[in-house]
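In what follows, chains carry the letters A, B, and so on, assigned in the order in which the sequence lines appear, proteins first and then strands, with residues in each chain numbered from 1.
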Amino acid sequence: MRDTPDINTLPGLLLHWYDVHAREMPWRVGPAQRKAGILPDPYRIWMSEIMLQQTTVATVRDYFQRFVTRWPTVRDLAAAQDADVMGEWAGLGYYARARNLLKCARAVVDEHGGVFPADHDALLKLPGIGPYTAAAVSSIAFDLPHTVLDGNVERVMARLYDIHTPLPAAKPLLMAQAQALTPAQRPGDYAQAVMDLGATICSPKSPACGICPWRDPCAARDAGTQNLLPKKTPKKPKPVRHGTVYLAQRDDGAWMLETRPEKGLLGGMLGWPGSDWLDISEPLPEGTPPLKADWQTLAGEVRHTFTHFHLILTVKLAKVPNDTAGSFVTRAQFRPSDLPTVMRKAYDLSQT
DNA sequence: TACTCGTGGTC
DNA sequence: TGACCAAGAGT
């Protein structure tokens, strides 16, 4: 059994709290099992960390279960069809993650013999693995002393040391503080403990300082500034863009769908043919219909907000003969859940 | 550095 | 109800 830092130290206080309050997750090995020398499957930790990027635990749970059930090992995933992985990822967002997930799995098989490297720098070279994920996998899956710096840790450090420098400029300073705290003992538990603290107690709004294991040493709580931290540089307003999509259905029920280009928004995902999305509403961008047909403009519209713009889509629908040329997905193969959400909204509108 | 890249929940 | 937010990476 490994030592835990003394309870009078900051890491010791946090680990003691984590031993009692650790959240349970499908990919996680809890503190009791870790003390018995059990470490999690690096494949599952990697998978969960990719999914958790900018995504809530509640949303990830179901996707994680479906992925590891369908592809239990990195070799299974590396052998998967691209379209199957993209379809399974549909709805989770940030689709470059799914493209890189496949690239990474194949790189692990081709370049590392199907075994995830423990080394932080080797992990960093893999597609889709950046500074955070490299530190998370090496610490959580291999119990190596690397420091995770995610949104939780940034918030916790900013408050613990009452740092008022706005993000993202404050990142190097916050990282230095986080590294100085990272213990040599139980680094995997510690990484998860800081993030659990940020997610459950040191939350963005109304942090529960009264029950925080770090309430006494916390400089922001002492100064009463915890609700002002971390400071962030203001965001730019989102423009409104407009566009048109074309939903063509054959008489046998097949839908005309295209696989979007690898790069750019919704890259590699299925989508309806349509116009570009422009910052103008007059005239409405209609583009060119994918085929000649009796297009009916549906009542209503699709509204959707992406990270950096709002989108309003006009939906046009047409029935076409079974001998129509083009890229169709048969009724049997078509699953609305394979579509990214904005495209599924257009389909939903056509079914009302 | 700053921008691109999704989605659903929250208040 | 619109803005903010969530275990960031790539360019």
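Residue A:Phe306 places its side chain closer to B:dT7 than to any other of B:dT7, C:dA7, C:dG8. Closest to the A:Tyr132 side chain, of the nucleotides C:dA6, C:dA9, B:dC3, is C:dA9. Closest to the side chain of A:Gln53, out of C:dA9, B:dC3, C:dA7, is C:dA9. Closest contact between the side chain of A:Tyr95 and the listed nucleotides C:dA7, B:dT7, B:dC5 involves B:dT7. The nucleotide whose nearest atom lies closest to any side-chain atom of A:Val342 is, among C:dA7, C:dG8, B:dT7, B:dT7.
Using modelled atom types, one finds no donor on one side chain facing an acceptor on the other under 3.5 Å when comparing A:Arg97 with A:Gln53.
Looking at A:Arg23, its side chain comes within 3.5 Å of the base of C:dA7 through a donor and an acceptor atom. On a pure distance criterion of 3.5 Å, a polar donor-acceptor pair joins the side chain of A:Thr55 and the base of B:dG6.
C:dA7 and C:dT11: their P atoms are spaced 24 Å apart (whole Å). Nucleotides C:dC4 and B:dC3 have their P atoms positioned 15 Å apart, rounded to a whole Å.
For A:Lys263 and B:dC5, the NZ to P distance is 12 Å, given to the nearest whole Å. We find that CZ of A:Arg61 is positioned 16 Å from C1' of B:dG8, with the value rounded to whole Å. Rounding to whole angstrom units, CE of residue A:Met25 and P of C:dA6 are separated by 15 Å. Spacing between atom CH2 of A:Trp46 and atom P of C:dA9 amounts to 14 Å, rounded to whole angstrom units. Whole-Å rounding puts the A:Arg303 CZ to C:dT1 P distance at 12 Å. Between the CE atom of A:Met175 and the P atom of C:dA7 there is a distance of 16 Å, given to the nearest Å. In this entry the distance linking OH of A:Tyr63 with C1' of B:dG8 reads 10 Å, nearest Å. For the pair A:Leu167 CG and B:dA2 P, the computed distance is 13 Å after rounding to whole Å.
Heavy atoms of other residues, nucleotides or ligands lying less than 6.0 angstrom from CG of A:Asp276 number 12 at most. More than 12 non-hydrogen atoms from other residues, nucleotides or ligands lie less than 6.0 angstrom from CD of A:Gln351. In the displayed structure, A:Arg66 atom CZ is contacted under 6.0 Å by more than 12 heavy atoms of other residues, nucleotides or ligands.
When each of A:Ala169 and A:Thr59 is assigned the nucleotide of DNA chain B with its nearest heavy atom, A:Ala169 is the one assigned upstream, toward the 5' end. Mapping A:Lys205 and A:Lys171 onto DNA chain C by nearest heavy atom places A:Lys205 closer to the 5' end of the strand. The residue among A:His310 and A:Pro131 whose nearest nucleotide of DNA chain C lies closer to the 5′ end is A:His310.
Linking Ile, Leu, Val, Met, Phe, Trp and Tyr residues whenever their side-chain heavy atoms come within less than 4.5 Å leaves A:Phe328 and A:Met343 in two separate clusters.
Here A:Trp27 lies in heavy-atom contact (under 4.0 Å) with a base. Using a 4.0 Å heavy-atom cutoff across all strands shown, A:Gly264 reaches sugar-phosphate atoms only and no base atom. Residue contacts for A:Arg28: at a heavy-atom cut-off of 4.0 Å it reaches a base atom on one of the strands shown. Among the protein residues, A:Met269 comes within range of no part of the nucleic acid, since none of its heavy atoms lies under 4.0 Å from any strand. When heavy atoms are screened at a 4.0 angstrom cut-off, A:Pro127 is found touching the sugar-phosphate backbone but no base atom. Contacts of A:Gly91 with the nucleic acid, taken as non-hydrogen atoms under 4.0 Å apart, involve only primed sugar atoms and P, OP1 or OP2. The residue A:Lys238 sits apart from the nucleic acid: no heavy atom pair falls under 4.0 Å. Counting non-hydrogen atoms under 4.0 angstrom, A:Ile50 reaches nothing in the nucleic acid.
Applying the 4.0 Å criterion to OP1 and OP2 of C:dA3, one finds that A:Lys235 has every side-chain N and O outside that range. Note on A:Gln54: a side-chain N or O is less than 4.0 Å away from OP1 or OP2 of C:dG8. Between A:Ser48 and the phosphate of C:dA7, there is no side-chain N or O to OP1/OP2 separation shorter than 4.0 Å. Put simply, A:Tyr94 has no side-chain N or O that comes within less than 4.0 Å of OP1 or OP2 on C:dA6. Here A:His304 does not reach the OP1 or OP2 of B:dG6: none of its side-chain N or O atoms lies under 4.0 Å away. Taking 4.0 angstrom as the limit, A:His308 places a side-chain polar atom (N or O) nearer than this to OP1 or OP2 of B:dC5. At B:dT7, none of the side-chain N or O atoms of A:Arg344 fall inside 4.0 Å of OP1 or OP2 (strictly under the cut-off). In this model, the phosphate group of B:dT7 is approached by a side-chain N or O of A:Thr341 to a distance below 4.0 Å at OP1 or OP2.
For A:His308 and A:Phe306, the distance between ring centers is not under 6.0 angstrom.
Ring geometry, A:Tyr190 versus A:Trp214: the interplanar angle falls from 30° to 60°, so the pair is classed tilted.
Of the charged side-chain nitrogens involved, none lies within less than 4.0 Å of a carboxylate oxygen, so that A:Asp41 and A:Arg44 do not count as a salt-bridged pair.
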